[in-house]
Amino acid sequence: MSRTVPSICRVCMNFCPVDVEIADGVVQSVSGDRTNPIYRGYTCVKGRTQAARYTSPARLLHSLERRPDGTFVPIPTAEAIGAIAEKLTGIVDRFGPRAVALFGGTYMAMDSPVNLSMIDAFMTAVGSPLTFTTSTIDQPGKPLAKGFHGAWMAPSQAFDDPDVALLVGNNPFVSHQGRNGAPADFFRGLAARGGRLIVIDPRRTETAKRATLHLQPRPGEDATLLAGMLRVVLAEELGDAEFVAENVTGVDALREAVAPFTPDLVAERAGVPAEDVVAAARIFAGAGKGYAAAGTGPNMSAKGTLVEYLLLCLDTLCGHWMRAGDRVRNALSLVPAVIQPDKAQALSPFPAYGYGEQLRVRGLTMTAAGLPTAAMADEILLPGDGQVRAVVSLGGNPAACVPDQLKMVEALRSLDLLVQVDIQMSPTAALADYVIATTLPFEMPGTNLMVDFLPLYANGVGLPESYAHYTPAIVDPPAGSDVIEQWRLLHRLAGRMGLQLELYPALGEVIHIEGSVPLVPDMSRDPDIDELLEHIHTGSRIPLAEIRRHPRGALFPDPPVHVKPRDPGWEGRLEVGNAVMMADLQAELTAADDPGDYPFRLVSRRLMHVMNAPTYAVPAGRSRHNPAFLHSGDLAGLGIEAGDVVEIRSDRAAILAVAEADDTVRPGTVSLSHSFGDLPGHDEDVRALGSNPGRLIADDGVFDRFSGQPRMSNVPVAVGPAPRGRR
Ligand SMILES: Nc1nc2c(c(=O)[nH]1)N[C@H]1C(S)=C(S)[C@@H](COP(=O)(O)OP(=O)(O)OC[C@H]3O[C@@H](n4cnc5c(=O)[nH]c(N)nc54)[C@H](O)[C@@H]3O)O[C@H]1N2
Ligand SMILES: Nc1nc2c(c(=O)[nH]1)N[C@H]1C(S)=C(S)[C@@H](COP(=O)(O)OP(=O)(O)OC[C@H]3O[C@@H](n4cnc5c(=O)[nH]c(N)nc54)[C@H](O)[C@@H]3O)O[C@H]1N2
Ligand code: SF4
Ligand SMILES: [Mo]
């Protein structure tokens, strides 16, 4: 018998509401929910084809243990947990708690709202500060820049309804990182209102094609470009003088720092017309309400903090922040209401790095974006006090996603214990001592807490209106399987290690809520997931019980949230002339760019049909590899035909990739998606597996000095025909 039930797609962070057809307890098909007021039926190819994720023979249904000869044998998950608990306890006893690290990937943050809090509870109980996540190899510049600039204590202006949006290296049409919902609806609405869209991207992306103005610069020149725009805004007095006078400091320092960035200099450096730099500034500052946002590209250029800082300066000079009395249309629904930004005042700059855990390499420390993941391999390989001996990896694929793949794989191989929690035999799983088979999203209850939280993370992301959605588990795991939720695994592990967990509401370390009371679960039995969910959503503006009454999700405009006036005597100011940032900007002026032996620049990108690493469930008819997109002029110049295998070489390594002609790519750049391929030495068949650009990156070469994020885009490379016999 077949039935159709509503749920939430959790393949990517858009969290689309879907209708799921189920027959005999098995997911058959997935389609968009047309009745939904925000998404209006939107889904993408990954979401619509996800039934295959549930039934494929490649799905891991049992946990595995590695034998001494390197092969894997199935092991009951309960038995594996016992063995892992014993080994972890032994490692902690011998080497201390810092010898245990945890790696959390995107599916750790996404599949259950309980996971983040559970991870913090687990690592706190173990006593280790070494939790690494993908946050610091993604867009760590966002939280870091807020530290240098300060934060407006109300949301950015007109996210629901902008007159202008500036998107720098961000392609929401494919990535869905932007306004959550249906990307086309947002851009259509913007155009219909006469709103302006400015896109800065070395590729003429799906988003850039909709832009009023597209600047197609050399990669890695965003700081130069933004400095040029700031110079125009200041010189032509285009900003919001009243807002600046009341709330901002450092304008003179900024004016001085951007003075050398004339339109001509910027044009020459970035390879764009000088008049476009001026036009971008005039459009952005003159259009009215709006916001600026960057995506992964500029954050990965090893200057992410500076770029994000300059974007905040641009918004601040233009007064793009909500004022007293404004209605917050996308007031948080699920995140504790006490942290809703709702006051028209500035929080002065605060330390965003340089505190907490000191890593043993490159002077890196804890940051507002978390612990620098680019130091994880060194923390494993570097002998001495505090050396990491065990890694528990959840919902991510560190052997593929962390830059400097060669070093990371060497590090993971050297561990005393590697536990990989996964749905398939990923490259990391292949290196693990234990592979724990885990549940898929429709087998678990969930909420859209992560999406609700996004506006707290940065400008230009999240939902346009207050909207919340809860889904129960809608199918059971396959009959005869032995899979476990990530949160339950951690709880049981802690129980077997004799540890007591304390679970805080919301998103663990990601959000600190003064005075919140932890849940102290009974460690001798599995906690009830409903109780955990209730606790995680403690203090939300909309009680979870109310959200649960709307199985298709709903808008929750009431109680309304209005921005309050500034507190009497409040003296906080936003800082646009931070000395550290201004010094980094000056350094840009003299940064030499000698192509040497590496005339091309490798730039990052996303592909519609996969979420980062490909899974076994790549939609039918889509390529399993990640093509190297090159301009047809470049292909001709290199004597390479589309479809040929090329070699891409950096000063670190070489990879093979299948060339594809694409004239949306700026000449001189290679646009290649990440996390494909297999382990080094196992991915010769590039047409079947794709390749890993992370192998071309050194984690200690060029990097953002605050987050440690290596240069993952704008990587100097040479491109040529693959060696004979490898084409
Ligand atoms: N060179 C380069 N490197 C990059 C990037 C880049 O642009 N360029 N991007 C970086 C960024 S922004 C990020 S966030 C990281 C992403 O890095 P990861 O977090 O590692 O990425 P994913 O591929 O999303 O997750 C991978 C793991 O989740 C498993 N998985 C797939 N579906 C599910 C599921 O439904 N549930 C569970 N539990 N597991 C599942 C997969 O088998 C795989 O092992 O990569 C980073 N690395
Ligand atoms: N379909 C799909 N969706 C995804 C993912 C996926 O793998 N597939 N991954 C998810 C994840 S983990 C994340 S973090 C988000 C990321 O979301 P986005 O940041 O929107 O990701 P991209 O689509 O890669 O867009 C980055 C853009 O930066 C450009 N770029 C590269 N280098 C530079 C540079 O130096 N300067 C400028 N200005 N631009 C540059 C690239 O050409 C590209 O168009 O997407 C998420 N959504
Ligand atoms: S955009 Fe696609 S993968 Fe992401 S939540 Fe929506 S349907 Fe799922
Ligand atoms: Mo990401």
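Nothing here was measured: the structure is a model prediction, and the numbers come from that model. For ligands, and for the atoms within them, numbers begin at 1 and follow the listed sequence.
- In A429, neither the side chain nor the backbone holds a heavy atom less than 4.0 Å from any atom of ligand 1.
- Residue S604 places no N or O, backbone or side chain, under 3.5 Å from any N or O of ligand 1.
- Nearest-residue assignment for atom 46 (C) of ligand 1 (options G396, A437, C401, S393; heavy-atom criterion): C401.
- With F173 as the aromatic partner, R210 meets the cation-pi criteria of under 6.0 angstrom to the ring centre and within 45 degrees of the ring axis.
- Between A613 and ligand 1, at least one pair of N/O atoms sits closer than 3.5 Å.
- Residue contacts with ligand 1 do not include R605, since none of its heavy atoms lies under 4.0 Å from the ligand.
- The shortest non-hydrogen separation linking P183 to P172 is CG-O, 3.8 Å.
- Protein heavy atom nearest atom 15 (C) of ligand 1, with residue, atom name and distance: T134 CG2, 3.7 Å.
- Partner of Q139 under the side chain to side chain contact (heavy atoms under 4.5 Å, CB included) criterion, out of N299, V461, N170, L144: N299 alone.
- Of the candidates D404, D678, D683, R695 forms a salt bridge (charged side-chain N to carboxylate O under 4.0 Å, His left out) with just one, namely D683.
- Listed by chain and number, C12 SG are the protein N/O/S atoms closer than 2.8 Å to atom 4 (Fe) of ligand 3, with waters left out.
- Results of the ring pair (Phe, Tyr, Trp, His ring centres under 6.0 Å) test with H176 over Y39, F15, F186, Y42 single out Y42 as the only residue that passes.
- A cation-pi contact links R605 to F629, judged by a cut-off of 6.0 Å to the six-membered ring centre and 45° from its axis.
- In this structure, the side chains of Y467 and N36 come closer than 4.5 Å at one or more pairs of heavy atoms.
- Of all protein heavy atoms, the one closest to atom 8 (N) of ligand 1 is H674 CB, 3.2 Å.
- At a 4.0 Å cut-off, at least one heavy atom of G395 sits close enough to ligand 1 to count as contact.
- Residue-level proximity to ligand 1 for M300 is carried by the side chain, the only part with a heavy atom below 4.0 angstrom.
- Counting only heavy atoms of the protein, atom 10 (C) of ligand 1 lies nearest to I137 O, 3.5 Å.
- Heavy atoms of Q486 found under 4.0 angstrom from ligand 1 belong exclusively to the side chain.
- Contacts between V11 and ligand 1, counted as non-hydrogen atom pairs separated by less than 4.0 Å, are absent for every part of the residue.
- Remark: side-chain polar atoms of N180 are paired, donor with acceptor, to backbone N or O of M13 under 3.5 angstrom.
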Residues K303, D704; criterion salt bridge (Lys or Arg N to Asp or Glu O under 4.0 Å); working and verdict | CA-CA 6 Å; K303 303 168 190 168; D704 183 286; over 6 Å; no
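- Distances from ligand 1 to the non-hydrogen atoms of D422 include at least one value under 4.0 Å.
- Of the heavy atoms in N397, both backbone and side-chain atoms come closer than 4.0 Å to ligand 1.
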Could you go step by step and tell me if S63 and T77 meet the side-chain hydrogen bond (donor to acceptor under 3.5 Å, both in side chains) rule?
-> CA-CA 6 Å; S63 298; T77 299; 2.8 Å; yes
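- Residue D138 touches ligand 1 through backbone and side chain together, judged by heavy-atom distances below 4.0 Å.
- Summary of contacts: the protein heavy atom closest to atom 14 (S) of ligand 1 is T106 CG2, 3.4 Å.
- Annotation: cation-pi geometry not satisfied between R66 and Y434 (NZ/CZ under 6.0 angstrom from ring centroid, within 45° of ring axis).
- A search for side-chain contact (heavy atoms from CB on, under 4.5 Å) contacts involving A51 returns V27, not counting sequence neighbours.
- Of all the listed residues (M110, R53, M108, M13), R53 holds the heavy atom that lies closest to atom 33 (C) of ligand 1.
- Remark: M110 CE to N115 CG distance equals 10.5 Å, nearest 0.5 Å.
- Using a cutoff of 4.0 Å between basic side-chain nitrogens and carboxylate oxygens, R362 and D378 are scored as salt-bridged.
- Taking only nitrogen or oxygen atoms, main chain and side chain alike, R606 reaches within less than 3.5 Å of ligand 1.
- Checking Y54, F442, F103, Y107 against atom 37 (C) of ligand 1, the nearest heavy atom belongs to Y107.
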